[in-house]
Amino acid sequence: MRDSKVIAERLLEWYDRHGRVLPWRVPPGGGAADPYRVWLSEIMLQQTTVAAVKSYFERFTGLWPTVDDLAAAEDAHVMAEWAGLGYYARARNLLACARIVSKAGGFPRTREALQALPGIGPYTSAAIAAIAYDQPETVVDGNVERVVARLHAVETPLPAAKPELVALAQKLTPQARPGDYAQAMMDLGATICAPRNPACGICPLIDECDAHRLGIAATLPRKAPKTAKPNRSGIVWVARQGDGLLLEERPAKGLLGGMLAFPSAGWDGRDLPPPGQADWREIGEVRHVFTHFNLSLQVMLGELTGPAQRGHLVPLRQIDRDGLPGLMRKVWDVAHAEIVA
DNA sequence: CAACCGTGGGG
DNA sequence: TCCCCAAGGTT
């Protein structure tokens with residue numbers, strides 16, 4: 001019990017001096033955090049690096065300063081702005097959540113009610129409750145798992161170790177400054193207690209760390225071995241007609257769900273024919289790595305000789321590369337180079 | 001509960 | 001080049 005108090009105190013003291021300055025973070029003494037900005041940043045940060053999120057967060061808050069603004073936005077606009085960030089279910093859930101919250105007149109304040117909203121799970125609900133509402137909820141993300149596993153030298157591999165790590169993290173959570181404490185744990189994990197080369201020499205918790213004492217800090221947390229990624233392949237068609245290219249909206253669920261894309265087949269469980277009649281010729285190949293498989297796509301280019309079977313034509317100058325998911329940006333780059341040439 | 005779901009950067 | 005992984009959630 002006294003141990004946890006020392007840890008929280010040292011961590012907060014370190015955070016006050018070395019905490020990161022981030023666009024969604026209220027500096028010490030800057031007043032209460034805006035729940036909308038906390039929520040938005042937490043959704044964007046799910047499995048995504050701080051560096052990647054920054055520009056997206058600035059753009060979203062510029063376009064939609066409040067949850068009511070976001071709730072009123074058009075689906076396609078939000079999806080296009082999210083393009084490139086990945087995990088597109090987050091964007092769909094983001095809009096669904098914004099509309100529920102806007103209609104309700106604001107975000108709920110309890111962790112339980114927050115977690116009932118789409119896209120908000122155990123981590124995010126605790127983070128919002130702690131950071132925006134100053135409630136002593138225990139926030140457990142990948143950083144906290146690592147810090148706690150090291151502090152207590154937990155050698156059980158993840159994900160089996162998760163319940164144990166959550167229980168240990170709960171015992172460490174202080175009643176005072178829960179939001180700062182949560183962010184301090186994550187900052188420590190991101191900057192000092194790093195996955196590969198932990199900077200134990202400058203860690204404020206070095207005296208409390210069992211793993212460091214045992215000389216095994218860098219090896220924790222242990223993780224179950226991963227299975228190899230299979231290779232998949234398929235075809236993507238860039239269909240021209242007049243000065244336009246054929247684009248389609250992907251099915252709402254599944255890979256790149258709800259995103260704008262060139263018609264494709266053979267790699268995502270759909271085995272569709274070409275989107276129209278044309279003298280197709282291969283102009284290149286695109287490789288892409290998804291979470292659970294590697295992909296190689298043959299890029300076909302052709303001038304439609306009849307009506308398009310699916311999708312809609314978009315004038316070349318009107319196609320927004322930034323509004324496409326990463327995979328389709330690669331396809332666009334190959335096709336655009338060929339068309340311009 | 002294990003599989004599914006993106007992308008870019010770093011060692 | 002390859003592997004790891006980053007403020008996870010949903011089904």
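First the proteins, then the strands, lettered A, B, ... as listed; each starts at 1.
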All pairs passing ring-ring contact (aromatic ring centres under 6.0 Å, His included) where residues 97-140 of chain A contributes a residue, at least two apart: W39(A)-F107(A)
C1' atoms of dG8(C) and dC1(B), separation to the nearest Å: 15 Å
Of T110(A), I120(A), V139(A), the residue whose pairing with S125(A) passes side chain to side chain contact (heavy atoms under 4.5 Å, CB included): I120(A)
Sugar-phosphate, base or nothing in reach of G257(A), heavy atoms under 4.0 Å: nothing
Rounded P spacing from dG9(C) to dG8(B) in Å: 23 Å
Pairs touching residues 179-196 of chain A that satisfy side chain to side chain donor-acceptor pair (under 3.5 Å), sequence neighbours left out: R20(A)-D187(A), R25(A)-Q183(A), R25(A)-D187(A), R177(A)-D180(A)
N93(A)-R90(A) side chain donor-acceptor pair, cut-off 3.5 Å: no
Earlier contact from the 5' end, DNA chain B, for L85(A) and N197(A): L85(A)
Non-neighbouring partners of H288(A) that pass side-chain hydrogen bond (donor to acceptor under 3.5 Å, both in side chains), sequence neighbours left out: K330(A)
Ion pair R240(A)/E338(A), N-O distance below 4.0 Å: no
Enumerate, atom names and distances included, each donor-acceptor pair closer than 3.5 Å involving a side-chain atom of residues 243-263 of chain A, sequence neighbours excluded.
{"from": "E248(A)", "atom 1": "OE1", "to": "R310(A)", "atom 2": "NH1", "distance (Å)": "3.4"}
{"from": "E248(A)", "atom 1": "OE2", "to": "R310(A)", "atom 2": "NH1", "distance (Å)": "3.3"}
{"from": "R250(A)", "atom 1": "NE", "to": "L255(A)", "atom 2": "O", "distance (Å)": "2.9"}
{"from": "R250(A)", "atom 1": "NH1", "to": "D268(A)", "atom 2": "OD2", "distance (Å)": "3.2"}
{"from": "R250(A)", "atom 1": "NH2", "to": "L255(A)", "atom 2": "O", "distance (Å)": "3.2"}
{"from": "R250(A)", "atom 1": "NH2", "to": "D268(A)", "atom 2": "OD2", "distance (Å)": "2.8"}

Nucleotides bounding contact with chain A, strand DNA chain B, heavy-atom threshold 4.0 Å: dC4(B) to dG10(B)
Residue pair A153(A) / L220(A): nearest heavy atoms and the distance that separates them: CA-CD1, 3.8 Å
Contact letters for nucleotides 1-11 of chain C, in which S counts primed atoms plus P, OP1 and OP2 and B counts the base, heavy atoms under 4.0 Å: ---BSBBBSS-
Sugar-phosphate, base or nothing in reach of V53(A), heavy atoms under 4.0 Å: nothing
Between dA7(C) and dC5(B) - P atom distance, rounded Å: 23 Å
